[in-house]
Peer 1: 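Quick one: structure below, then a few questions.
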Protein chains: 2
Amino acid sequence: MSSSGGVVRRSLLDDLASSMLSLIADRNLAAGDPFESVRSLAERFKVAVPTIREALRRLEATGAVELRHGSGVYVGRHIGRLVLANPLAPTPSADRLVELLQARALIEPPVAALAAQNRTDAALERMDQHLAEAADLIESGDHARLAEVNMDFHRSLAQASGNATLAEVVESVTVVNVREQLEILHIHGDRQADLDEHRAILEAVRAADAELAERLTREHLDGVLTVINDRARPPLS
Amino acid sequence: MSSSGGVVRRSLLDDLASSMLSLIADRNLAAGDPFESVRSLAERFKVAVPTIREALRRLEATGAVELRHGSGVYVGRHIGRLVLANPLAPTPSADRLVELLQARALIEPPVAALAAQNRTDAALERMDQHLAEAADLIESGDHARLAEVNMDFHRSLAQASGNATLAEVVESVTVVNVREQLEILHIHGDRQADLDEHRAILEAVRAADAELAERLTREHLDGVLTVINDRARPPLS
DNA sequence: GAATGAAAATGATCAGATCACTTGGTCATT
DNA sequence: AATGACCAAGTGATCTGATCATTTTCATTC
């Protein structure tokens, strides 16, 4: 049984989707570049417009392309990625959010250690910028934007590891509902402490101290996790 | 800049996609269950067939639904997932494969430790079955199927952690091109040693020895990684 | 009871048209 | 020259309605 072996009859849509991806690759297009109009694509592949649109929707769902009304079809931000956050995922339950944080607490510390070993000047600068922006946002009180920038820090930390796959994984587990994570932060409350912890992690990475970076990242995420758990199951008395 | 703040104008397609997901959720449908015909959906949402099909293609791309020619629309295997392997990802380069294995070597050991703490009898039995099947396949020499079952073992190990998100992450990094990993295995060659290592991991998990499970998993993946690296950069003399 | 084959249900694709949005240019106003 | 209103072309979004291909069902037949 199962799908192993045998000739997989590729559907027309499969062909269209992969052909368009090849087209993008052949032209060396990068994220954000304009691709080609729907009508032009339909003509190129000798299919009707609705058909090419179905294939485009499929690509769109994985972030490979982007359709902008009135403007055109563009290369998407997630072109070429192996691991993705489900763009259609519903708002996760409280349990799921705890799971998500547990996953992060498990994955990100060793990633931070790797980042401490492989970090480049460019990566350090990117993290510096995120922390500077975060400091500004604490001043201005824009908590929604702050939550996003804090996630950006975690992502750039993962990027600093030099492993794109790990960066994608971390991206995927951090992208889920910043709104919910904002609520968490709001409860956690101590935004300044968060910033300080991020700064400490960055310094460990800058100093190429893998062990310290790992420990600080673990403590940081475990701290958040503790707060969440306390809220979920408030003390009995 | 960026997408923060502001009113996000949800398109008709966004509404259709999320409405259909809600419909599936409301009906308590599980993966594999029949959903509803395209025509019926078009009628229900008062839109034309090509429109509903675009929305369905979007859902299909994330594994939320499945369209079977002549049969109907069914609930997909990945319904409700947060993290996904990009179903449209091209065959990764050699570098990317090494990255993928590095990511696995980083993530899976602590997951194995967690599995040792949280494993249930059902999870243990599932892993037992995979190893039994793997043993059979070594006998019969079906290496393609063996590679798949070996990946199944790693997935069920992650499932045993009790954290669905972690399981999804491991799923995502193991699903990528079993074909390529098969090639790796073919080079690695020692299929019996692999099986023995898997068995040792399982026994550590069964014994609830988190530390051992973690160490064995790390050694197992590092071993594969070493082989790959040796192949990629053969010794100088 | 099993094999056969017609009919119905359903997805896949097509063709052409109309509506809605974006963009760039024109042109009058300032 | 800078600004803003306006218009027209390009492009995505959606509709209508039909035809083809595949699967499933079920009555018929042996």
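Here is how names work: the chains are called A, B, and so on, in the same order as the sequence lines, proteins then strands, and each is numbered from 1.
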Peer 1: Determine the contact category for A/V49: base if any of its heavy atoms lies under 4.0 Å from a base atom, sugar-phosphate if only primed atoms, P, OP1 or OP2 are that close, otherwise nothing.
Peer 2: nothing
Peer 1: In this structure, how many angstroms lie between the C1' atom of C/dA12 and the CZ atom of B/R57, rounded?
Peer 2: 8 Å
Peer 1: Would you mind reading off the distance between A/L41 atom CG and C/dC14 atom P, rounded to a whole angstrom?
Peer 2: 14 Å
Peer 1: Figure out the CZ/P separation between B/R68 and D/dT23, and round it to whole Å.
Peer 2: 11 Å
Peer 1: Strictly by salt bridge (Lys or Arg N to Asp or Glu O under 4.0 Å), give each pair with a member in residues 62-76 of chain A just once, sequence neighbours left out.
Peer 2: A/E66-A/R68
Peer 1: Assign A/R53 to base, sugar-phosphate, or nothing according to its heavy-atom contacts below 4.0 angstrom with the strands shown.
Peer 2: base
Peer 1: Mind calculating the distance between CG (B/L67) and C1' (D/dT23) to the nearest angstrom?
Peer 2: 14 Å
Peer 1: Quick one: on DNA chain C, does A/T51 or A/G70 contact a more 5' nucleotide (nearest heavy atom)?
Peer 2: A/T51
Peer 1: Regarding A/T174 and A/H154, is there a side-chain donor-to-acceptor distance under 3.5 Å anywhere?
Peer 2: no
Peer 1: Taking side chain to side chain donor-acceptor pair (under 3.5 Å) as the test, write out the residues that go with B/N86, two or more places apart.
Peer 2: none
Peer 1: For A/R39, report the nucleic acid contact type (base, sugar-phosphate, nothing); a contact means any heavy atom under 4.0 Å.
Peer 2: base
Peer 1: Could you state the atom-to-atom distance from CD of B/E43 to P of D/dG17 in whole Å?
Peer 2: 13 Å
Peer 1: Could you tell me the separation between the CG atom of A/L12 and the P atom of C/dA12, rounded to a whole number of Å?
Peer 2: 11 Å
Peer 1: Within this structure, what is the CZ-to-P distance between B/F45 and D/dT14, rounded to whole angstrom?
Peer 2: 14 Å
Peer 1: Between atom CD in B/E54 and atom C1' in D/dC15, what is the gap in whole Å?
Peer 2: 12 Å
Peer 1: Looking at C/dA20, does its base get a donor-acceptor pair with the side chain of A/H69 below 3.5 Å?
Peer 2: yes
Peer 1: Is it true that A/R145 and A/E148 make a salt bridge, defined as a side-chain N closer than 4.0 Å to a carboxylate O?
Peer 2: yes
Peer 1: Of the candidate nucleotides D/dT24, D/dG12, C/dT10, which contains the atom at the shortest distance from the side chain of B/S71?
Peer 2: D/dT24
Peer 1: Choose from D/dC15, D/dT14, C/dG11 the nucleotide whose nearest atom is closest to any side-chain atom of B/A48.
Peer 2: D/dC15
Peer 1: Say whether, by atom type as modelled, one donor and one acceptor occur between the side chain of B/N163 and the main chain of A/E99 under 3.5 angstrom.
Peer 2: yes
